[in-house]
Amino acid sequence: MLDNTRIKELIEIALQQLPYAYVPYSHFHVGAALLAKNGKIYTGCNIENAGYTPSNCAERTAFFKAVSEGVKEFDAICVTGGKDGVPTELTAPCGVCRQVMMEFCDPETFEIILAVSTEEYQIFRLKDLLPMGFGPKNLA
Ligand code: THU
């Protein structure tokens with residue numbers, strides 16, 4: 001379980017990513033802060049593309065940064081987002097990002113903080129956002 005200091009830290013770091021979002025098409029900025037089990041925090045923003053399908057969500061940017069550096073174990077992620085970079089309601093991860101989480105995280109324990117601000121947020125477990133998910137264990 002994350003303590004309050006950690007929660008606020010992850011929210012602040014996710015909020016700090018909003019200006020980096022490359023979103024010329026949707027204008028919907030998303031920021032993420034991914035906490036690895038080794039204590040390191042990997043950041044991410046969404047990166048859109050004129051071809052649309054190559055667009056990458058903030059969550060996957062953070063995961064791919066970590067995995068590309070050899071880090072594959074995670075405790076939590078914070079996600080925040082909003083039109084023109086202003087969060088007004090919770091932004092939940094898309095289905096593709098939930099599946100990427102399923103690849104590297106324990107659905108029973110991995111915590112997903114959806115935040116509007118350091119005062120307004122909700123915490124979910126991966127198993128709540130991706131019930132009966134298909135993951136590496138199914139292929140073991
Ligand atoms: N997006 C994310 O980056 N993460 C989410 O959790 C939801 C959606 C992005 C994808 C696209 O760049 C924009 O938000 C609008 O869908």
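Just so you know, these numbers come straight off a predicted model, no measurement behind them. Order of listing sets the numbers, starting from 1, for every ligand and every atom in it.
Put simply, the side chain of R60 reaches to within 4.5 Å of the side chain of V96, judged on heavy atoms.
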Next item on the list: Assess whether ring-ring contact (aromatic ring centres under 6.0 Å, His included) is satisfied between F74 and F63, documenting all intermediate values.
Entry: CA-CA 9 Å; F74 306 99; F63 269 92; 5.0 Å; yes
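Protein heavy atom nearest atom 4 (N) of ligand 1, with residue, atom name and distance: E59 OE1, 2.9 Å. Nearest protein neighbour of atom 3 (O) of ligand 1, counting heavy atoms only, is A58 N, 2.9 Å. Among all protein heavy atoms, the one lying closest to atom 15 (C) of ligand 1 is S26 OG, 3.8 Å. Nearest protein neighbour of atom 10 (C) of ligand 1, counting heavy atoms only, is C57 SG, 3.9 Å.
Close to ligand 1: A92, with a non-hydrogen atom less than 4.0 angstrom away. The closest approach between any non-hydrogen atom of S55 and ligand 1 is not below 4.0 Å.
Listed by number with element, the atoms of ligand 1 under 4.0 Å from a non-hydrogen atom of V30 are 1 (N), 2 (C), 3 (O), 4 (N), 9 (C), 14 (O).
Every N/O-N/O distance between V23 and ligand 1 stays at or above 3.5 Å. Considering backbone and side-chain atoms together, N46 places an N or O closer than 3.5 Å to an N or O of ligand 1. Looking at E48 next to ligand 1, an N or O pair under 3.5 Å apart turns up.
The aromatic rings of Y52 and Y25 lie tilted to each other, with the angle between the two planes from 30° to 60°.
Looking only at distances, a side-chain donor or acceptor of K65 sits under 3.5 Å from a matching main-chain atom of T43.
One finds the CZ atom of R98 at 12.5 Å from the CZ atom of F110 (value rounded to the nearest 0.5 Å).
If you run side chain to side chain contact (heavy atoms under 4.5 Å, CB included) between L34 and each of D75, I77, T61, V79, only I77 comes through.
F124 and V116 fall within the same hydrophobic cluster, where Ile, Leu, Val, Met, Phe, Trp and Tyr residues are linked whenever their side-chain heavy atoms come under 4.5 Å apart, directly or through other members.
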